[in-house]
Number of protein chains: 4
Amino acid sequence: MIKQTKGRVLGRPKSKDKTAPTNEVILQAATRLFFENGFQKVSVDDIAKAAGMTKATVYYYFDTKAILFTETIVSLMRRIRERIVQILSPDKPLYDRLFDVTIAHLQATTSIDLEGFMRESRSSLSEEQIQEMRMAEEEMYKSIEEAFLTAIEAGEIPAINAKFAAHSYIALVKVGNYKQSDGTTFFQSVEETAKNIMDVFWRGFFGK
Amino acid sequence: MIKQTKGRVLGRPKSKDKTAPTNEVILQAATRLFFENGFQKVSVDDIAKAAGMTKATVYYYFDTKAILFTETIVSLMRRIRERIVQILSPDKPLYDRLFDVTIAHLQATTSIDLEGFMRESRSSLSEEQIQEMRMAEEEMYKSIEEAFLTAIEAGEIPAINAKFAAHSYIALVKVGNYKQSDGTTFFQSVEETAKNIMDVFWRGFFGK
Amino acid sequence: MIKQTKGRVLGRPKSKDKTAPTNEVILQAATRLFFENGFQKVSVDDIAKAAGMTKATVYYYFDTKAILFTETIVSLMRRIRERIVQILSPDKPLYDRLFDVTIAHLQATTSIDLEGFMRESRSSLSEEQIQEMRMAEEEMYKSIEEAFLTAIEAGEIPAINAKFAAHSYIALVKVGNYKQSDGTTFFQSVEETAKNIMDVFWRGFFGK
Amino acid sequence: MIKQTKGRVLGRPKSKDKTAPTNEVILQAATRLFFENGFQKVSVDDIAKAAGMTKATVYYYFDTKAILFTETIVSLMRRIRERIVQILSPDKPLYDRLFDVTIAHLQATTSIDLEGFMRESRSSLSEEQIQEMRMAEEEMYKSIEEAFLTAIEAGEIPAINAKFAAHSYIALVKVGNYKQSDGTTFFQSVEETAKNIMDVFWRGFFGK
DNA sequence: GATGAATGAGGTTTCATTCAT
DNA sequence: CATGAATGAAACCTCATTCAT
């Protein structure tokens with residue numbers, strides 16, 4: 001208890017090499033770890049180590065673990081949304097553009113599923129943080145919803161409940177990512193999977 | 001004079017006096033807590049308190065938290081499977097029977113989503129435990145798959161990839177449970193939701 | 001992060017020897033440490049080590065450090081109060097009984113001063129905890145106040161503001177405990193100190 | 001053309017422009033915070049923020065927290081001492097001058113009590129720092145002691161132990177600052193309080 | 001069967017201090 | 001002068017697990 005501070009060597013270490021901004025490095029490490037192991041299981045220390053720095057440095061950039069987590073999710077959702085918007089932008093039939101999105105997601109590693117994260121982190125996050133994540137998620141869905149609405153207005157497809165369609169579409173894409181207990185998938189190739197998903201979805205909502 | 005201790009009748013108590021066996025009580029409490037807060041966030045003490053006993057008692061019945069969790073999940077999956085099988089058994093058109101399953105799930109409180117649970121508990125469970133949970137999940141899916149296979153054999157519906165259809169079906173039902181950030185759902189009533197889901201699914205897989 | 005629990009040797013260690021009840025042992029150690037170093041400076045670990053056990057054991061008995069601190073103070077105040085009551089009870093002139101109390105306190109090691117403790121712990125304690133401590137302190141003062149009131153009623157001393165007198169008395173006794181920077185005290189012996197304090201107090205309140 | 005950067009006049013700013021020197025600003029903030037929350041509870045960051053600057057700047061002026069604390073206390077004691085000396089200097093009877101000091105202290109917000117500070121900071125300060133604080137405290141007491149000695153020499157009051165009297169006097173004044181748990185004080189007004197304290201003190205040391 | 005007592009390990013957060021700019 | 005960035009150390013508290021009764 002009685003500890004007189006004796007000249008320790010603390011403080012910022014001497015170094016010169018410029019790298020990526022520290023907070024980006026942290027977010028990157030955090031994203032990977034949180035998505036692999038969930039909110040509770042990943043410690044701030046884990047993130048710090050993965051980012052090549054000290055716990056205290058992580059806390060210098062993000063006041064709490066909950067904030068770091070929220071920003072991680074929000075930033076990821078934003079990236080996904082941007083990717084979707086980009087893939088949906090070309091001047092092609094909606095079917096073809098959706099097909100491209102499907103392929104892209106079947107190839108991506110990270111699932112988009114917020115549900116599980118919400119459950120395990122809910123009690124550790126503030127109401128605002130939960131709202132923030134939820135909104136980012138909805139923005140992501142909205143990017144697809146809007147493609148439907150535009151196509152409806154343009155007369156390309158019949159009128160449907162666009163929000164429900166967007167969620168249904170993502171749900172089906174996630175089915176495509178499912179791996180059974182023996183490790184096999186429903187179809188042989190990504191293309192075949194995408195084809196089947198698109199068929200079910202398209203027929204389901206627009207008939208033939 | 002015959003003295004009765006604390007007004008308790010002598011002899012073996014009649015079955016009415018009996019409360020549920022302790023391990024069932026634990027499983028019940030555990031199910032609720034795990035589903036509300038996830039694996040990591042729920043402590044064995046939480047479960048014990050919710051079950052009205054001490055931690056040590058829980059450990060008397062379940063050797064580790066991981067085992068308790070696994071049994072919780074497996075037992076839940078089994079219950080869901082049984083429920084599905086039961087609803088699917090009457091001698092009615094497949095569409096009608098599936099419709100009933102849909103209604104039942106839209107009314108149920110617990111989501112069936114294992115994904116989130118797997119992520120956050122994976123590193124705390126043994127390989128066998130993970131397998132056990134996965135198998136229970138697949139059994140659940142299989143109960144639907146088999147309804148498809150039987151209907152195909154009977155010529156009631158055209159041949160499809162039954163496993164993929166089962167997963168797609170559950171995925172769409174889960175969409176029906178989605179609540180947006182403002183608390184609203186896609187449709188007004190459970191019936192309307194079920195109708196829309198069934199329409200998309202049925203058209204998607206069997207055309208008209 | 002990925003840490004599979006491998007048969008560690010935890011839990012209650014095997015032992016047989018009966019000693020004092022654990023919570024008493026903790027309170028004792030805590031009292032000493034808190035009084036030597038103050039609330040903030042003493043860590044729960046320090047207390048645990050001083051009490052010959054683990055931090056976790058301390059937390060098993062006292063939910064938070066603030067609670068432990070509060071109980072420590074309250075129990076100490078109670079002990080002091082009891083001591084005072086006891087010394088004040090014999091059938092002797094008030095002057096003589098107060099003299100005895102003075103002697104007792106000049107010989108005691110612990111100061112009765114709550115002020116400093118309040119300041120440094122205030123922001124860490126709940127409103128109720130602060131009240132609890134304050135009340136225990138007032139009870140202590142009241143034990144002296146009552147001696148005055150009784151003596152006034154009995155006509156042994158003239159009427160005075162008993163509460164003010166009690167606080168003044170304790171304040172003067174604390175002066176007697178003061179050690180100057182060179183380590184010396186105002187008077188040579190405890191008796192001489194007590195005599196001077198009592199003279200000033202008695203004359204100050206009752207004239208001759 | 002002469003360009004003036006950001007509308008600032010050239011040359012050394014007139015004294016009106018000058019704000020208080022930075023180290024004074026720090027000391028001021030530190031004084032307030034330390035007195036409200038004690039040594040341990042106040043972080044250097046708290047002080048920096050309260051002073052409107054960064055932690056590093058505080059460290060530019062004060063090498064360690066312990067040094068800053070010591071200077072804070074010493075400077076405060078010095079200020080109190082000066083105030084006392086000033087109030088005691090007029091050519092009036094000692095009783096009247098002491099009465100003025102009493103009033104001044106009852107109105108002041110900061111208690112003079114070093115005891116609590118010593119306890120909680122002792123183990124963090126060097127021996128010299130503790131000595132420095134103690135000496136500043138004694139200087140403060142000495143300012144009163146000397147008033148007694150002068151009055152004794154002048155034959156205004158009988159011979160007494162002046163050091164003991166000075167401490168007793170301060171102790172009684174502190175009693176006047178005491179607030180009970182219900183927030184009330186012993187007397188209605190500051191004047192009434194001062195009158196009672198002075199009466200007890202004066203009678204106690206000089207009889208009638 | 002059931003429980004009270006105990007503990008090792010670890011998790012989140014704070015903080016005094018340092019250094020390069 | 002002043003500051004942003006970084007860190008080692010430690011503090012509070014939680015928890016899965018064990019053992020004697």
Side-chain angles (χ1 to χ4, degrees), chain A residues 1 3 5-16 21-23 40-48 53-66 68 124, chain B residues 21-23 40-48 53-66 68 124, chain C residues 1 3 5-16 21-23 40-48 53-66 68 124, chain D residues 21-23 40-48 53-66 68 124:
Chain A
M1 201 161 44
K3 284 158 204 147
T5 333
K6 289 173 209 153
R8 281 176 294 140
V9 183
L10 298 183
R12 180 196 242 199
K14 313 178 190 185
S15 112
K16 255 309 173 23
T22 308
N23 66 340
Q40 306 285 352
K41 189 70 187 185
V42 175
S43 77
V44 176
D45 211 24
D46 291 333
I47 295 170
M53 64 193 69
T54 321
K55 226 184 329 188
T57 305
V58 174
Y59 274 100
Y60 180 78
Y61 286 93
F62 300 90
D63 277 352
T64 66
K65 187 188 177 187
L68 172 54
S124 307
Chain B
T22 307
N23 69 340
Q40 306 286 349
K41 188 71 186 185
V42 175
S43 75
V44 176
D45 213 29
D46 290 337
I47 296 170
M53 63 193 68
T54 16
K55 234 191 316 196
T57 306
V58 174
Y59 273 97
Y60 183 81
Y61 286 94
F62 300 90
D63 277 355
T64 67
K65 188 189 177 187
L68 172 54
S124 307
Chain C
M1 204 161 44
K3 284 157 205 149
T5 333
K6 289 172 207 153
R8 282 173 294 138
V9 183
L10 298 182
R12 180 196 244 203
K14 314 178 187 183
S15 109
K16 256 304 167 36
T22 307
N23 66 341
Q40 307 284 352
K41 189 71 187 184
V42 175
S43 78
V44 176
D45 213 25
D46 292 334
I47 295 170
M53 64 192 69
T54 322
K55 223 187 333 188
T57 304
V58 175
Y59 275 101
Y60 180 78
Y61 287 94
F62 300 90
D63 278 353
T64 66
K65 186 188 177 188
L68 172 53
S124 307
Chain D
T22 306
N23 68 340
Q40 306 286 349
K41 187 73 186 183
V42 175
S43 74
V44 176
D45 213 28
D46 290 337
I47 296 170
M53 62 193 69
T54 20
K55 235 192 315 195
T57 306
V58 173
Y59 273 97
Y60 183 80
Y61 286 93
F62 300 90
D63 277 355
T64 67
K65 188 189 176 189
L68 172 54
S124 306

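Below, chains carry the letters A, B, ... as their sequence lines are ordered, and counting in each starts from 1.
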Select base, sugar-phosphate, or nothing to describe what B/Val42 touches, counting heavy atoms under 4.0 Å on all strands. sugar-phosphate

Whole angstroms only, please: what is the CD1-C1' distance between A/Ile47 and E/dT12? 12 Å

Rounded to whole Å, how long is the line connecting atom CG of D/Asp46 with atom P of E/dA16? 8 Å

Nearest-nucleotide wise, let me know which of A/Asp45 and D/Asp63 is further upstream toward the 5' end of DNA chain E. A/Asp45

Now, which nucleotide makes the Watson-Crick or G-U wobble pair with F/dT21, with each of the two distances under 3.5 Å? E/dA2

Counting only side-chain N and O atoms of D/Tyr61, is one of them less than 4.0 Å from OP1 or OP2 of F/dA2? yes

From the candidates E/dT3, E/dG8, E/dC15, the one with an atom nearest any side-chain atom of B/Met53 is E/dT3

Taking C/Lys55 for the side chain and C/Ser43 for the main chain, is one N or O donor matched with an acceptor at less than 3.5 Å? no

D/Leu68 atom CG is separated from E/dC15 atom P, nearest whole Å, by 15 Å

Test item: C/Gln40 and C/Ser124 side chains (from C-beta on) under 4.5 Å apart, heavy atoms: yes

Given atom OH of D/Tyr59 and atom P of F/dG4, what is their separation to the nearest angstrom? 16 Å

Hey, is the side chain of D/Lys55 pairing donor to acceptor with the base of E/dT17 inside 3.5 Å? yes

Do C/Tyr61 and C/Leu68 make a side-chain contact, defined as non-hydrogen atoms from C-beta onward lying under 4.5 Å apart? no

For E/dA2, does OP1 or OP2 lie under 4.0 Å from any side-chain N or O of B/Thr54? no

Please answer whether the main-chain N or O of C/Thr57 pairs with a side-chain N or O of C/Thr54 as donor and acceptor at a distance below 3.5 Å. no

From the candidates F/dA5, E/dA6, E/dT13, the one with an atom nearest any side-chain atom of C/Thr22 is E/dA6

When you match B/Ala56 and A/Lys65 each to their closest nucleotide on DNA chain E, which lands nearer the 5' end? B/Ala56

Given atom CD of A/Gln40 and atom C1' of F/dA16, what is their separation to the nearest angstrom? 15 Å

Please give, in whole Å, the distance from E/dC15 P to C/Lys41 NZ? 13 Å

Counting only side-chain nitrogens and oxygens, does C/Tyr60 get under 4.0 Å of the OP1 or OP2 atom of E/dA5? yes

Hey, which of A/Asn23, A/Asp45, A/Val44 is the one that makes side-chain contact (heavy atoms from CB on, under 4.5 Å) with A/Val58? A/Val44

For C/Val44 and D/Thr57, find the nucleotide of DNA chain F closest to each by heavy atoms; which residue's nucleotide sits nearer the 5' end? D/Thr57

